[in-house]
Amino acid sequence: MSRHRDQDACPGALSVHRAADGALARVRLPGGMATPDQLRALAGAANEFGSPAMELTSRGNIQIRAVTDTAALADAVAAAGLLPSASHERVRNVVASPLSGRAGGAADVRPLVGLLDNGIQAAPELAGLSGRFWFGLDDGRGDVSGLAADVGVHMLDGETAALLLAGRDTGVRLTSADVVATLVTIAERFAASRGTCWRVAELADIEPLLDGFDRLAPAGRTWPPSARPPVGWLPQGDGRVTLGAAVPLGVLQARVAEFLAAIEAPMVITPWRSVLVHDLDEGVADVALRVLAPMGLIFDANSPWLDISACTGSPGCERSAADVRADAAAAVHTPAEGHRHFVGCDRACGSPATGDVLVATDSGYRRRVSRTVG
């Protein structure tokens with residue numbers, strides 16, 4: 001499938017999208033990683049220059065809506081160290097297993113995140129990628145591979161990775177030392193040959209992307225998608241604790257973000273619109289949980305909020321036929337099987353890779369039969 005427009009309207013911190021409620025900026029966080037100071041800075045910028053209701057995205061990024069001063073917001077993002085490249089800021093889309101190196105997984109992919117981010121920025125050709133194109137680094141547990149990144153790796157052990165295109169194993173095997181260079185090369189080939197395609201899955205033939213790579217294993221394997229984040233008290237391998245906090249409908253209020261930052265611990269925004277706070281002593285984790293739970297964050301793995309999501313909807317989006325967040329919140333305690341994603345139009349923004357997509361119409365919601373996740 002090709003697109004009618006050569007350039008997509010995916011926003012960044014500099015190239016904002018003009019929504020019904022004002023300018024919308026998206027701040028890329030490679031691997032979803034954020035320091036306390038960075039999250040604190042984004043919360044301050046949201047309070048001062050836009051809406052305090054920050055949005056977590058399905059690529060582990062943060063959006064700020066209703067921006068009144070786009071230049072001042074961009075300056076604040078840059079001052080926080082979150083805008084290292086003006087030319088590549090929309091294409092720094094790197095998703096990594098959020099618990100990697102701390103709990104489970106076959107390998108620690110955290111070092112690859114920074115190396116890949118640097119490699120993307122160092123490749124001039126990649127500045128022309130769509131803001132929807134993204135890279136996946138799965139540490140072997142299958143959480144990111146199931147989300148079907150355009151190009152990515154699935155670690156098989158500490159030294160060997162499977163090369164994936166559109167979430168499917170190509171049969172190519174890489175050493176960990178070759179991962180970054182290979183992913184950049186594949187992305188450069190896509191950028192040079194994409195035509196009007198934005199995503200690898202839209203290509204009629206992916207074989208030219210793999211020219212020169214040996215197939216050392218059977219191709220075709222995929223991993224099941226998941227729409228549920230890791231939540232609650234998550235023991236780390238070093239004896240410390242990660243707190244996994246689901247954020248209802250992905251809306252993180254700036255005030256809550258400030259409390260998260262006050263823990264003074266490394267954080268990851270996950271592709272399931274949740275927050276992981278890492279490396280906590282048990283006493284600190286206990287206090288943090290007691291403070292944050294009454295503020296609306298979800299630490300219960302059985303909460304119905306984990307099985308419901310929504311796009312922005314009205315009044316923020318002019319295309320939306322309904323206030324889908326309000327409708328989703330009203331439906332959260334209505335029994336249903338699987339995940340439900342409420343959307344205001346057929347674009348189905350932010351749809352997870354599994355579950356039902358419910359599209360608003362003049363007469364209620366209808367289940368969408370097929371969709372392209374992106």
Side-chain angles (χ1 to χ4, degrees), residues 29-34 56-60 93-116 134-176 178-180 182-183 217-246 266-280 299 301-302 306-307 338-339 352-355 373:
L29 304 174
M33 299 176 183
L56 310 186
T57 79
S58 59
R59 299 293 177 262
N93 297 310
V94 180
V95 176
S97 298
L99 283 168
S100 189
R102 292 184 169 97
D108 185 355
V109 298
R110 289 177 297 174
L112 294 176
V113 173
L115 294 173
L116 179 57
W134 64 288
F135 302 79
L137 300 172
D138 192 301
D139 69 359
R141 74 187 69 220
D143 53 352
V144 169
S145 295
L147 301 178
D150 290 280
V151 58
V153 292
H154 185 99
M155 299 303 299
L156 302 175
D157 54 43
E159 292 297 328
T160 308
L163 176 65
L164 277 55
L165 289 179
R168 189 174 296 275
D169 188 352
T170 63
V172 174
R173 295 295 179 260
L174 306 171
T175 66
S176 57
D178 291 332
V179 164
V180 170
T182 300
L183 296 188
R221 181 185 176 187
T222 60
W223 286 261
S226 173
R228 292 176 64 88
V231 300
W233 188 280
L234 307 171
Q236 297 182 181
D238 61 4
R240 293 183 290 181
V241 174
T242 286
L243 282 184
M267 284 168 284
V268 168
I269 307 300
T270 81
W272 304 280
R273 298 181 174 88
S274 68
V275 182
L276 298 183
V277 186
H278 297 296
D279 302 341
L280 304 177
F299 297 94
N302 296 313
L306 272 61
D307 293 317
H339 192 92
T354 185
V373 176

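Atoms considered below: every heavy atom in the structure, side chains included; atoms not considered: hydrogens, waters and symmetry mates.
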On a heavy-atom basis, which atom in P352 and which in H339 lie closest, and how many Å separate them? CG-CD2, 3.7 Å
Sub-4.5 Å side-chain heavy-atom contact between V268 and T242: no
Does any non-hydrogen side-chain atom of P98 lie less than 4.5 Å from one of D143? yes
Residues in salt bridge (Lys or Arg N to Asp or Glu O under 4.0 Å) with R168, at least two apart? none
For the side chain to side chain contact (heavy atoms under 4.5 Å, CB included) test, which of T222, D139, D138 pairs with S145? D138
Which heavy-atom pair separates L163 from D169 by the least distance, and what is that distance? O-OD1, 3.7 Å
State, with a plain yes or no, whether a side-chain heavy atom of L276 is found less than 4.5 Å away from one of P230. yes
For side chain to side chain donor-acceptor pair (under 3.5 Å), just list the numbers for T175 and E159, CA-CA rounded to whole Å, side-chain angles, deciding distance to a tenth of an Å, and then say yes or no. CA-CA 6 Å; T175 66; E159 292 297 328; over 6 Å; no
Where R110 and G101 come nearest, the two heavy atoms and their spacing: NH2-O, 3.4 Å
Residue pair S274 / A245: nearest heavy atoms and the distance that separates them: CB-O, 3.2 Å
Could you grab the distance from atom CG of L112 to atom CG of L183, nearest 0.5 Å is fine? 8.5 Å
Qualifying salt bridge (Lys or Arg N to Asp or Glu O under 4.0 Å) pairs with a residue from residues 227-245, counting only residues at least two apart or across chains: R228-D307, D238-R240, R240-D279
Please name all residues satisfying salt bridge (Lys or Arg N to Asp or Glu O under 4.0 Å) with R273, sequence neighbours left out, ordered by chain then number. none
Looking at NE2 of H278 and CE of M267, how far apart are the two atoms once the value is rounded to the nearest 0.5 Å? 9.5 Å
Mind checking whether P266 and R102 have side chains closer than 4.5 Å, heavy atoms only? yes
How would you list all residue pairs meeting ring pair (Phe, Tyr, Trp, His ring centres under 6.0 Å) that involve residues 222-246, not counting sequence neighbours? H154-W223
Between the CG atom in L147 and the CG atom in L164, the distance rounded to the nearest 0.5 Å is 11.5 Å
To the closest 0.5 Å, what do you measure between OG1 (T182) and CG (L116)? 11.0 Å
Would you indicate whether the side-chain heavy atoms of R141 and L99 approach each other to under 4.5 Å? yes
Under the 3.5 angstrom rule, does the side chain of W272 hit a backbone N or O of S226 as a donor-acceptor pair? yes
With sequence neighbours excluded, tell me which residues meet salt bridge (Lys or Arg N to Asp or Glu O under 4.0 Å) with D157. none
Closest heavy-atom pair, A166 versus A148, reported as atoms and distance to 0.1 Å, is O-CB, 3.7 Å
Heavy-atom closest pair, residues L174 and V172: CD2-CG1, 4.0 Å
Could I get the full list of salt bridge (Lys or Arg N to Asp or Glu O under 4.0 Å) partners for D178, not counting sequence neighbours? none
